[in-house]
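The next block holds one structure in the form of structure tokens; read it before the comments.
Numbers for residues simply follow the sequence, beginning at 1. Small disclaimer: the values here were computed from a predicted structure and weren't measured. Note that these values count all heavy atoms, side chains included, but never hydrogens, waters or copies made by symmetry.
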Amino acid sequence: MSSKNLTPREIVSELDKYIIGQDDAKRAVAIALRNRWRRQKVSEEMRDEIAPKNIIMMGPTGVGKTEIARRLAKLDKSPFLKIEASKFTEVGYVGRDVESMIRDIVELSVSMVKSEEQESVRIKAAEIAEERILDILLPKRPPKVGMEPAAEEDILKLPEGKEEANQEGTREKLRRLLREGKLDDRPVEVEVVNGHGGPMIEIFSASGVEDMGLNIKEMFGNMFPQKKKRRTVKVSEAVDILVEEEAQRLVDMDKVTKTAVERVEQSGIIFLDEIDKIVGSDSTHGPDVSREGVQRDLLPIVEGSTVNTKYGMVKTDHILFIAAGAFSSSKPSDLVPELQGRFPIRVELGSLDKEDFIRILTEPHNALVRQYIELLATEGIQIVFKDDSVAEIAEVAALVNERTENIGARRLYTIMETLLDDISFDAPDMGKKKVEIDAEYVKSKLEDIVEDEDLSRYVL
């Protein structure tokens, strides 16, 4: 549950590996994450009183708001949900209920914890699966009278041409061959659970099935026994199927559910994007009434309330909410006063310029230039980006953002795809080859598009 005791400075350093600039925002989230660790250290009485300091990030699209929140959650292994505030509507209107975000993050948390638990029992599951495969290859009971001799001989025959009289010895021999992968292509018949055990049940409602409180499909699904069917597959595939089946069987779902709910309550992060879209004007009728209604519906969730989910009651008191929006035609002070008070930390993220784009293309661990180099290396193509080519790409991105819609670093994705379109398409037929990308190559590929403003709106 802890953030591995990372200090705010260390948290910022980790975020720096993936996000360029935006130091104020990184600093704010680092403090918020460290405060969670501090909260766990205080007395139990005081622990319940310390509420998370929710954050509002203000800035244009594509400057790193979502990435900061996502990387923060990954750093802390916290359940993370990104959702657009504009998807919600006021209670009484057709649309998503705000409480559905809590149900969604609990589902995510259950999947996370279940995966972790399955991983922890995978060694044991592999051992059980191995025994099951050996039982299929060499049944423990002696063959029945009248069994086809050829079938028995096929099982007992070993590559060395020797036959073991002792079945236990044969089993160990088969085990060794199985581990060495020499039986991978042998066909075996395994029994697998059919995914469609009961009749298909579809329920339609205005607010969606997730808001009905009860998991109807599960309830009816348990009334019908799971159907099993036999499939003939290769040993290698059978091992994977059985390991997965055993891993699921070994996992204690009650423990998973309890851990998942606790993780949401103590370290969940909900990223509310487009919060500025639910800020109404001074109008007292029409859609603005609904927007203000969404804010008022959000208020109890952010303040701290208890939401009913299929995994039980979930408290939202200590979930960290990070809201974000461009706030181009509104400001955080336009939110209803009660909601404003629940987001005490405000940080502004700056627009990105050419120098930022150069750094984004080359510095982060997941830098775009590095991604394309590795992608095309799989085809035997060695791509070399010259320094002047990176500067030219950044120049084009800054120019197009200025002349059309400013979508921040997302512009780099469209430019890189357009720039490398021919190479990506022809790569399988080019053989092993070295391709150098310089400023002239970038200009030749993008010049016409950049010069024609109407064309750049469609292509870039």
Side-chain angles (χ1 to χ4, degrees), residues 32 51-58 65-66 69 73 79-109 203-215 261 264-327 329-346:
K53 306 300 183 285
N54 298 320
I55 301 164
I56 287 185
M57 294 185 186
M58 297 166 282
K65 300 188 294 293
T66 306
F80 173 79
L81 177 73
K82 181 202 174 197
I83 196 151
E84 283 78 33
S86 53
K87 294 276 173 71
F88 298 117
T89 55
E90 187 178 359
V91 171
Y93 288 71
V94 175
R96 294 204 74 187
D97 169 9
V98 292
E99 288 188 353
S100 66
M101 74 171 87
I102 304 302
R103 288 190 270 274
D104 289 345
I105 196 171
V106 172
E107 286 286 355
L108 287 168
S109 185
I203 295 170
F204 298 93
S205 72
S207 56
V209 76
E210 80 278 358
D211 295 336
M212 296 185 67
L214 289 170
N215 190 335
V261 168
V264 167
E265 290 181 339
Q266 300 301 324
S267 67
I269 298 175
I270 292 182
F271 184 77
L272 277 169
D273 204 5
E274 298 183 349
I275 191 110
D276 54 323
K277 301 282 177 65
I278 59 166
V279 176
S281 62
D282 293 333
S283 169
T284 56
H285 61 276
D288 292 323
V289 177
S290 181
R291 286 185 198 145
E292 189 171 308
V294 174
Q295 292 183 54
R296 296 201 178 279
D297 289 346
L298 272 172
L299 188 58
I301 305 287
V302 178
E303 275 185 332
S305 58
T306 304
V307 176
N308 187 20
T309 74
K310 73 178 186 184
Y311 300 104
M313 307 302 279
V314 177
K315 292 180 179 178
T316 68
D317 303 62
H318 299 290
I319 293 175
L320 177 65
F321 289 87
I322 301 176
F327 288 99
S329 57
S330 58
K331 48 194 181 297
S333 57
D334 292 331
L335 291 163
V336 295
E338 298 91 337
L339 198 58
Q340 282 183 55
R342 286 292 161 178
F343 287 90
I345 302 171
R346 318 275 168 87

- Between the main-chain N or O of Ile278 and the side-chain N or O of Gln295, is there a donor-acceptor pair closer than 3.5 Å? yes

- Message: Contact between Ile270 and Ile301 at the side-chain level, heavy atoms closer than 4.5 Å - yes or no?
- Response: no

- Message: Let me confirm one number: the CD1-OG distance from Ile102 to Ser100, rounded to the nearest 0.5 Å.
- Response: 9.0 Å

- Hey, what do you get for CD (Gln266) to NZ (Lys315), rounding to the nearest 0.5 Å? 9.5 Å

- Message: Just so I know, are the side chains of Leu298 and Arg342 near enough to count as touching, which here means a heavy-atom distance under 4.5 Å?
- Response: no

- Nearest non-hydrogen partners of Ile275 and Phe327, listed with the distance: CG2-CZ, 3.6 Å

- Separation between CG of Asp334 and CG of Leu339, rounded to the nearest 0.5 Å: 12.0 Å

- Message: Looking at every heavy atom in both Ser330 and Val279, which two are closest together, and how far apart are they?
- Response: CB-CG1, 4.1 Å

- Taking the side chain as C-beta and beyond, is there a heavy-atom pair between Val336 and Leu299 under 4.5 Å? no

- In terms of heavy-atom contacts, Asp276 and Ala326 come closest through OD2-N, 3.5 Å

- Message: Please give me the minimum heavy-atom distance between Ile105 and Gly268, naming the atom from each residue.
- Response: CD1-CA, 4.3 Å

- Note on the structure: Note: Leu335 and Gln340 closest approach over all heavy atoms is O-NE2, 2.8 Å

- Message: So that I can tick it off, tell me whether Arg296 and Glu292 are bridged by a salt bridge, with the cut-off set at under 4.0 angstrom between side-chain N and carboxylate O.
- Response: yes

- Determine whether Lys310 and Glu107 make a side-chain contact, defined as any pair of heavy atoms from C-beta on separated by less than 4.5 Å. yes

- Task: Measure the shortest side-chain to side-chain distance between Val106 and Val307 over non-hydrogen atoms and say whether it is less than 4.5 angstrom.
- Result: no

- Message: Between Asn54 and Leu320, is there a side-chain heavy-atom distance shorter than 4.5 Å?
- Response: yes

- Item | Value rounded to 0.5 Å, distance of CD1 in Ile55 from CZ in Phe321 | 12.5 Å

- Query: Between the side chain of Thr316 and the main-chain N/O of Ser305, is any donor-acceptor distance below 3.5 Å?
  - Reply: yes

- Task: Identify, with sequence neighbours excluded, every residue that meets side chain to side chain donor-acceptor pair (under 3.5 Å) alongside Glu274.
- Result: Ser86

- Task: Could you pull out the closest heavy-atom pair between Val264 and Ser109, with the gap in Å?
- Result: CG2-CB, 3.4 Å

- With sequence neighbours left out, what residues match Arg346 under salt bridge (charged side-chain N to carboxylate O under 4.0 Å, His left out)? none

- Query: Do the non-hydrogen side-chain atoms of Val294 and Lys277 ever get within less than 4.5 Å of each other?
  - Reply: no

- Task: Taking the side chain as every heavy atom from C-beta outward, state whether Val314 and Thr306 have any pair of such atoms under 4.5 Å apart.
- Result: no

- Gap between atom CZ of Phe271 and atom CG of Leu81 - 0.5 Å precision: 11.0 Å

- Separation of Ile269 CD1 from Lys82 NZ (nearest 0.5 Å): 15.0 Å

